Protein chains: 2
Amino acid sequence: MKETVPLAEAAALLCEPSRAKMVQCLLDGRFHTATELAVYAGITPQTASHHLYKMTECNLVQVKKNGRHRYYRLSSAEAAQMIESLLCIAPPEKIRSLKQFDRYHAIRFARTCYDHLAGKVGVALTEAMRDLAILEQRENCFYLTEKGKLCLQEFGIDVTAALKKRRSFARCCLDWSERRYHLAGSLGHAILERLLTLEWIRRLPHTRAVQVTEEGKRGFSQVFGLDVRNEPFNPIGDTGIRPEVNRKGELS
Amino acid sequence: MKETVPLAEAAALLCEPSRAKMVQCLLDGRFHTATELAVYAGITPQTASHHLYKMTECNLVQVKKNGRHRYYRLSSAEAAQMIESLLCIAPPEKIRSLKQFDRYHAIRFARTCYDHLAGKVGVALTEAMRDLAILEQRENCFYLTEKGKLCLQEFGIDVTAALKKRRSFARCCLDWSERRYHLAGSLGHAILERLLTLEWIRRLPHTRAVQVTEEGKRGFSQVFGLDVRNEPFNPIGDTGIRPEVNRKGELS
DNA sequence: TTCATATTTCGATGATAGTCGAAAGATTAG
DNA sequence: CTAATCTTTCGACTATCATCGAAATATGAA
């Protein structure tokens, strides 16, 4: 019988490019069909089926049968967190086409992270709420202030419902693209839902990137004092283009 | 040119059993030589060298030359955190020998997690400090109370030095074996160092598991009201033995 | 029922990558 | 200097596993 190394088995679920792509699609926290994931990863349905079987068996994803479709999603917030932490270590993506360039910036500008808002906009909104004394950041968590509670209730968020959820309320989540914290937990989720309802942001098909609507830009500015602009061509900003370097990585 | 998926590349570093073993050895946060890691993983030095090259290139580990030795260690606390989060998802280890049984329990009883204490003892100590109002736990972090500051200073810990470090002070770290939080960050590190100095715990060779000395048992009891006993044969406790199950893992 | 769609199972293939032996490079001890 | 030790480089072998075609299964539509 062969020796098994649990850590390696867990990592093996994500070390394969096709599986990694599918999982990144699943990072939006929603259900996706097997075929949808196959197309996203650029593989045939039978291959995708094979991968999804492995991932459900290891309890990384869950499946729900509904008619002739099978809907897959990540099985837990811990799984999503684990993947995000891997993304923090992962090397930056190499840009080889204009399409990839656009995607690179779109996903960094605004995206969903499991069930809350992330990217430039996610971090900016979090920091704006902190500056407005809606949130307090201490160590690695956020706290909703009394003032903040009133503000967010006025904004249309059911804070007490979010507090009752059996999960973290205002967790800190390290944003892999911004390398700073954004708000997660049930409060983060509630805010994302509210932003979608208000149509300040809109989900885009086939991607976790989300679009900030014109109304959203106005709203973010008026309510949170946020100037939300997507400027991928800002010559000062990070274009995502990296010189090829070989690093030996030796210390001292 | 081939397309790369950064997430997959990061996961690939850990998906190989030999590499996973080496990395788990490195989880103690200290330096290890290439040969040491090769022996630990049960492979030849040239294979280990090959793996270590890959891991340094991806910035998961760092290397420091010193004479004819090369000392390797994890490159960052984030890397350690990422690995720990993978361990939370990883399937439980299968026990096949008495030696493995002992190791299974030793590592769960008390171990170092990067640079702080983890396992049953790590979690128990953290919770004892919380119960003694040395720490306050709110959301996903800990706070040192005024009383706690005095207590720990009396215990011989330089709290102000720990506060000055450019890293989290009292982070929550999810313990993969206990599935509960233990104290991490610079304070967690300072406490581990103090426990080692006092010889309440002792490092063991070739493992991250640590031993609680007789003096340590008395000390934990007197200072923290902790009854530290290692009882791997407790019939009520988790023996680590799992029935073979096949799970289809389908919902509803 | 019959057809269409979604998904899985099976089997074969091919590429990737972990492995080790041999040998060279680097550094210290004597 | 020479010998010994630690580590890396090179080359070849081999096992693993992702992949897809073909076909089966399951469900819904007509």
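Because the structure is a prediction, the values reported are computed rather than measured. Just so it is clear, the values below take in all heavy atoms, side chains as well, and ignore hydrogens, waters and symmetry mates. A, B, ... follow the sequence lines: proteins, then strands. Residue 1 opens every chain.
- Rounding to whole angstrom units, NE2 of residue B:H69 and P of C:dT27 are separated by 13 Å.
- In this structure, of C:dT19, C:dA17, D:dT27, it is C:dT19 that holds the atom nearest to the side chain of B:T47.
- Proximity note for B:Q46 (side chain, C-beta onward) versus C:dT27, D:dT7, C:dG21: the nearest is C:dG21.
- Comparing C:dT7, D:dT8, C:dT19 against the side chain of A:P45 picks out C:dT7 as the nearest.
- Distance CD (B:E57) to P (D:dT8): 13 Å, rounded to an integer number of Å.
- Distance B:R70 CZ to D:dT5 P: 19 Å, rounded to the nearest Å.
- Within the 3.5 Å criterion, the main-chain N or O of A:R180 finds no donor-acceptor partner in the side chain of A:E178.
- When atom types are taken as modelled, the side chain of B:H32 and the backbone of B:L37 share no donor-acceptor pair closer than 3.5 angstrom.
- An OP1 or OP2 oxygen of D:dT27 is reached within less than 4.0 angstrom by a side-chain nitrogen or oxygen of A:K65.
- Cation-pi contact between B:R70 and B:Y72: absent, since separation from the ring centre below 6.0 Å together with deviation from the ring axis within 45° is not met.
- Contact check, B:H50 against D:dC10: no side-chain N or O comes under 4.0 Å of OP1 or OP2.
- Remark: the A:R68 side chain and the C:dT5 base include a donor-acceptor N/O pair separated by less than 3.5 Å.
- Under a 3.5 Å cut-off, the side chain of A:R171 and the backbone N or O of A:A184 do not form any donor-acceptor pair.
- With rounding to whole Å, A:L52 atom CG is found 15 Å from D:dT19 atom C1'.
- Distance from the side chain of B:K54 is smallest for C:dA17 among the nucleotides C:dT19, C:dA6, C:dA17.
- Between B:E9 atom CD and C:dT16 atom C1' there is a gap of 14 Å when expressed in whole angstrom units.
- One atom, CG of A:L13, and another, P of D:dC17, lie 12 Å apart when rounded to the nearest Å.
- By the 30° and 60° cut-offs, the orientation of the rings of A:Y71 relative to A:F31 is perpendicular.
- Of all heavy-atom pairs between A:I201 and A:L196, the closest is O-CD2, 3.7 Å.
- A:Y71 comes within 4.0 angstrom of no nucleic acid atom, judged by non-hydrogen atoms across all strands.
- In this structure, CE of B:M22 is placed 14 Å from C1' of D:dT7, rounded to the nearest angstrom.
- Comparing B:A34 and A:R19, the nucleotide of DNA chain D nearest to each residue sits closer to the 5' end for B:A34.
- The side chain of B:Y53 places no N or O atom within less than 4.0 Å of a non-bridging phosphate oxygen (OP1 or OP2) of D:dC10.
- The side chain of B:H51 places an N or O atom within less than 4.0 Å of a non-bridging phosphate oxygen (OP1 or OP2) of C:dT19.
- Between the NZ atom of B:K21 and the C1' atom of C:dG18 there is a distance of 14 Å, given to the nearest Å.
- Contact annotation: A:T44 reaches the phosphate of D:dC20 (side-chain N/O to OP1 or OP2, under 4.0 Å).
- OP1 or OP2 of D:dT19 sits under 4.0 Å from a side-chain N or O of A:S18.
- Of the candidates D:dA18, C:dT8, C:dT19, the closest approach to any side-chain atom of A:E16 belongs to D:dA18.
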